[in-house]
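Structure first, then comments.
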Amino acid sequence: MSQRKKILYGLFGIIVGLCVGAFLRTYRTLEMVSMCNTMNIKQTSALDIIGLQPSEMPTNSQNTLVFVGVMTAKEFLQGRARAVYDTWGRQIPGKMAFFSSQDSSAPGLPLVALKGVDDRYPPQKKSFMMLHYMYEHYIDRFEWFARADDDVYIRTDRLEKFLRSIDSSKPQFIGQAGRGNSEEFGLLSLEFDENFCMGGPGVIMSRETLRRVAPHIPTCLKNLYSTHEDVEVGRCVQKFAGVPCTWNYEMQSILHHNSSGSRAFSGNLKSKEVHSAITLHPVKKPAFMYRLHAYMLGLRAQELRQESLLLHRDIAQMTSLLQIPRINKNLAPGVPIFPQDESSSDYLGDHNVLGATPDLNRHRPRALDELVEWDFIAKSLYSGMHPNPKRRIESSVKEGLNDVVREIMEHINNFSRQRGRVIEFRELLYGYTRVNSLYGQDLILDLLLVYKKYRGKKMTVPVRRHLYIQRSFTEIQVREITDGVVPSQALITIPGVRKQKTGTFFSDPTGRFIDATGLDRISHRMKSLFNGGLERLTDTLGVPNGGSAGFAGAYRNQPTPGKDRIMFVIPLSGRSDTFMRFLRNFEEVALRQDQHTDLLVSMFVEPVESPVVMQLLDGLKARYPANRINYLQLHGNFSRGVALDRAIHSSYCDPDDILFFIDVDMIFTVQSLDRIRHHVIRHRQIYLPIVFSEYDPRPPNTILAEAEAAMMVGGGGAPTTTTTTTTEQPRNFSTPYAINDERGYFRQFGYGLAGIYKADLLHPDLKGFSTDITGWGLEDVKFLESVIALNQRGNQRLAAIADGRWDPLTAAGNNRPPPAATGGSDAPPPAASAALLAPTEELAIFRAPDPSLVHIFHPIHCDTNLEEAQYNMCRGTKANTLGSFRTLDDRFCHSPALLMYARSQATNPNLRGGGGAGAGGGPAVVDDRAKVAVEEQRAK
């Protein structure tokens, strides 16, 4: 009996203990909830924390659509949390607050420090207490409640549009549904029909859902079956609100999670996922949050510009239907169509340009020369007038095509949810493109698409569609920057030049008229620039020389204090006659007109011609003692890389000089110098102009006579040498060179001419010019490759930020060395890691055609002793100088003798360059021209 009593007493004690324990646990949970609710009220009211007025309610305010609670930790308040609040946190269509542990504080942030809550992981208690705080203080103030982490980015404009399309009065639990990964499947105590909303990309619940769940939060906290807070929140919502997480495949793209971990969103942001998402997760580094926000602001600016463009077109269409003349700016007497003119900062743009209807025939050529030819797009790019008719599609063209396709597909799928279908892009089959400098880019694309219908009768069908696209250019805008001050509205004007207008002609005070018939389709702002005498634009668009000369004179006579000095660096070996022409050009333009340009000649000494060159330089230096005119004497075999390297490191160049590497065959104008100063930016940008290169100016019968004479030589030997002597006429270097397709071409693949500050050229990680290359060529390509390699350090910096080896936002981030990388093939070596610290080390490469820089033709001889890469480059350059396609047809395709000779030489494997070291128009030149002509004609 005593044994039975002991057992009964023991069972009774166990039961009493369990009851007391359950009571204490429930009491503790309720006490925690109470403490969390009262802690911040004693300090600051809940409404004051988020900046909400007591009178603001969902029925009378636009600031009460959604409340976003961001879970964070004390260590992340000044990093991630601050970045969230500085970016998307200030643009929420509602209010937000950060929830952290009880001892957290962050001035300037809307922070709720939950008493009794710490920062231990998993944050189950923090998550439930945050939901309960929302319920206690804001349940009647907002329509929607969102739970987010401090490493998520939210596109607030899309969030607002999404939430306003859903009924908030019904219980809604929105997120990316999950049931755990393969390792956790079946271990989360979920029923077969239960799921949860993954917390990383964000969870949204309606007011009704929170109202049903919040009273039961103590019960949910007592019954935790896993260590995942998002699983437990989903279980609680399923049990007490009766709604699961949305089973919708679309949520994977709307609330997007990137599985790349800390390197997520550290690369190229131009992707379908980034553009279509409302939330992006995870953004682990504050620097990436700011970078992502800047990119999203750019996308938003594009959307606003497109909306503005559509409104302009609607207004233009309505005014046409109302039969209001285009010159009439009033809708009715005293009622202007646009309230502000171009003198106001609220000016909405030139309506005549922005309101134009898209039309592939906006440009209507009046002559054959005005025709803009189409380029054909397939696996390669085909162009009828390009020096290389078939070539690979450049990365910039590919990026532009990808942007167009992505924007078109977003527009097509804009209403896919309502229509129950989605269309996916598969492949660009072919297309056509052309660019008109006044109107924009025209595209005709043939796309392979996949049509997927998921509502009603489901189907998946491949389809082909043609797209006709016009990417219009807007009006040209000009800002005048004076002493670093950038006014909001400023146009360049020339003092002393009074603007007059007479019919379709414009005149300056001297009475000279400028024909404006070619400007009839340019916006009135563009015309105002011409009226103001903007010389560069007149030169670019072909205003007659007589008119532009007057403006040019007025422009040049203005004082130009504070100009950066340009140091021309020219490598030279012999060629004294050509150098005399260059010196005449330099004296007339650089010394007399610009007066801020110096000269340094890096000269390989030759016993015959070098004394003549030195005498010329000494005489020029004596006439212009204020300018630095110097030369270096080098010995040995000529090497352009060695000549430039010695000049760079000489004492004749100062670190503040702009070094411009130029060749003796070039001619230039004042506009060339202005463009160099404008496009070379210290520590930021170098300038590689695309120069205009002359074709062979000799008459066609000269080359034909040489080749046909070669056919007379027995045994298939090399053609005989024919020497042609031409006398160059004196040239006026102030007169613009006439640019047309028959005189030459823009040398897109030449990088020998370059402008860069000497201080940037001495960068320790910039290799400079290679000194182990003999002769001409390839040293410019090597230099360009070194600049590109330097610029790729930007990607290394992003990787260093993602890996935690560098923080650009800390006070000492630009000075402290990053921690040594441990393991991993992607970690750069210590030297590369140290190089990541330079804040302004990237040198952007700016390239643009410069019609004022002209390469005068000279015969090219490709030495067979050159390295293979140099030799091939030389042959390519020689082939480009033969002439335009029309000239090639006239010169070669109508001469049977020449064609037979070219075929025989092209099929002879023993001949590399025709043999011999003849000069100018000798055998080697004729032989190469013949073979290259056949290759070019076959490509054509």
Q: Sequence neighbours left out, what passes salt bridge (charged side-chain N to carboxylate O under 4.0 Å, His left out) with R155? Give chain and number order.
A: E303

With a 4.5 Å limit on heavy-atom distance, are the side chains of [X] and [Y] in contact?
| X | Y | result |
| --- | --- | --- |
| Q302 | E407 | yes |
| I337 | T319 | yes |
| L429 | E427 | yes |
| I377 | T433 | yes |
| N258 | H256 | yes |
| V372 | V435 | no |
| L348 | S308 | no |
| M96 | I154 | no |

Q) Can you name the side-chain hydrogen bond (donor to acceptor under 3.5 Å, both in side chains) partners of H466, sequence neighbours left out? A) Y430

Q | side-chain hydrogen bond (donor to acceptor under 3.5 Å, both in side chains) partners for Y295, two or more places apart | A | H275

Without swapping roles, check the side chain of [X] against the backbone of [Y] for a donor-acceptor pair under 3.5 Å.
| X | Y | result |
| --- | --- | --- |
| N330 | P333 | no |
| Q685 | H679 | yes |
| T246 | G175 | yes |
| N413 | I423 | yes |

Q: Step by step, work out the ring-ring contact (aromatic ring centres under 6.0 Å, His included) result for F692 and Y745.
A: CA-CA 6 Å; F692 186 81; Y745 68 101; 7.5 Å; no

Can you tell me how far the [atom1] atom of [X] sits from the [atom2] atom of [Y], to the nearest 0.5 Å?
| X | Y | atom1 | atom2 | result |
| --- | --- | --- | --- | --- |
| W88 | L292 | CH2 | CG | 12.0 Å |
| Q470 | I444 | CD | CD1 | 11.0 Å |
| L159 | Q91 | CG | CD | 12.0 Å |
| L447 | R465 | CG | CZ | 10.5 Å |
| L448 | F425 | CG | CZ | 8.0 Å |
| L443 | I469 | CG | CD1 | 5.5 Å |

Q | Ring geometry between H363 and Y439 (parallel below 30°, tilted from 30 to 60°, perpendicular above 60°) | A | tilted

Q) Under 30°, 30 to 60°, or over 60°: which ring-plane class applies to F67 and F142, parallel, tilted or perpendicular? A) tilted

Pair [X] + [Y], salt bridge at N-O below 4.0 Å:
| X | Y | value |
| --- | --- | --- |
| D86 | R90 | yes |
| E373 | R434 | no |
| R847 | E394 | no |

(Q) As a quick check of understanding, evaluate side-chain hydrogen bond (donor to acceptor under 3.5 Å, both in side chains) for E410 and S276, giving each step before the final call. (A) CA-CA 8 Å; E410 290 177 0; S276 60; over 6 Å; no

Q: Report the C-alpha separation of L310 and R305 in whole Å, then their side-chain angles, then the decisive distance to 0.1 Å, and conclude whether the side-chain contact (heavy atoms from CB on, under 4.5 Å) test is met.
A: CA-CA 9 Å; L310 294 177; R305 281 196 294 267; over 6 Å; no

(Q) Quiz question: by atom type and distance under 3.5 Å, do the side chains of S383 and D375 form a donor-acceptor pair? (A) yes

Q.
Whether the E143 and S168 side chains hold a donor-acceptor pair (N or O, under 3.5 Å, no angle test) is what I'd like checked.
A. yes

Of the non-hydrogen atoms in [X] and [Y], which two are nearest, and what is the gap between them?
| X | Y | value |
| --- | --- | --- |
| P171 | S206 | CA-OG, 3.5 Å |
| M289 | V84 | CE-CG2, 3.8 Å |
| D140 | P58 | O-CD, 3.5 Å |
| R300 | D157 | CD-OD2, 3.8 Å |
| H281 | V152 | CB-CG2, 4.2 Å |
| I174 | W144 | CD1-CZ3, 4.0 Å |

Q: Walk me through it: do S380 and R391 pass the test side-chain hydrogen bond (donor to acceptor under 3.5 Å, both in side chains)?
A: CA-CA 6 Å; S380 301; R391 62 193 186 279; over 6 Å; no

Tabulate below the donor-acceptor pairs under 3.5 Å that side-chain atoms of residues 396-403 make, not counting sequence neighbours, or state none.
{"residue": "E399", "atom": "OE2", "partner": "K270", "partner atom": "NZ", "Å": "2.8"}
{"residue": "N402", "atom": "ND2", "partner": "K398", "partner atom": "O", "Å": "3.2"}
{"residue": "D403", "atom": "OD1", "partner": "R406", "partner atom": "NH1", "Å": "3.4"}
{"residue": "D403", "atom": "OD1", "partner": "R406", "partner atom": "NH2", "Å": "2.8"}
{"residue": "D403", "atom": "OD2", "partner": "K270", "partner atom": "NZ", "Å": "2.9"}

**Q.** Test side-chain hydrogen bond (donor to acceptor under 3.5 Å, both in side chains) applied to N63 and E56, step by step
**A.** CA-CA 8 Å; N63 297 325; E56 290 186 277; 3.2 Å; yes

Q: Starting from the C-alpha separation in whole Å, work towards a yes-or-no answer on side-chain contact (heavy atoms from CB on, under 4.5 Å) for V66 and F145.
A: CA-CA 6 Å; V66 59; F145 294 87; over 6 Å; no

**Q.** Over 12 foreign heavy atoms within 6.0 Å of CD, E742
**A.** yes

Q. If you draw a 6.0 Å radius around CZ in R164, do more than 12 non-hydrogen atoms from other residues or ligands fall strictly inside?
A. yes

**Q.** Summary of ring pair (Phe, Tyr, Trp, His ring centres under 6.0 Å) pairs that have at least one residue in residues 314-345, sequence neighbours excluded
**A.** H312-F338, F338-H351

Q: May I have all residue pairs that pass ring pair (Phe, Tyr, Trp, His ring centres under 6.0 Å) and include part of residues 317-337, sequence neighbours excluded?
A: none

Q.
Test side-chain contact (heavy atoms from CB on, under 4.5 Å) on Y290 and T87; report intermediate values, then the result.
A. CA-CA 7 Å; Y290 289 109; T87 55; 3.7 Å; yes

(Q) For F162 and I278: C-alpha separation, side-chain torsions, deciding distance, then whether side-chain contact (heavy atoms from CB on, under 4.5 Å) applies. (A) CA-CA 9 Å; F162 175 72; I278 294 178; 3.7 Å; yes

Q: May I have the step-by-step check of side-chain hydrogen bond (donor to acceptor under 3.5 Å, both in side chains) for D167 and S169, ending in yes or no?
A: CA-CA 6 Å; D167 188 358; S169 63; 2.6 Å; yes

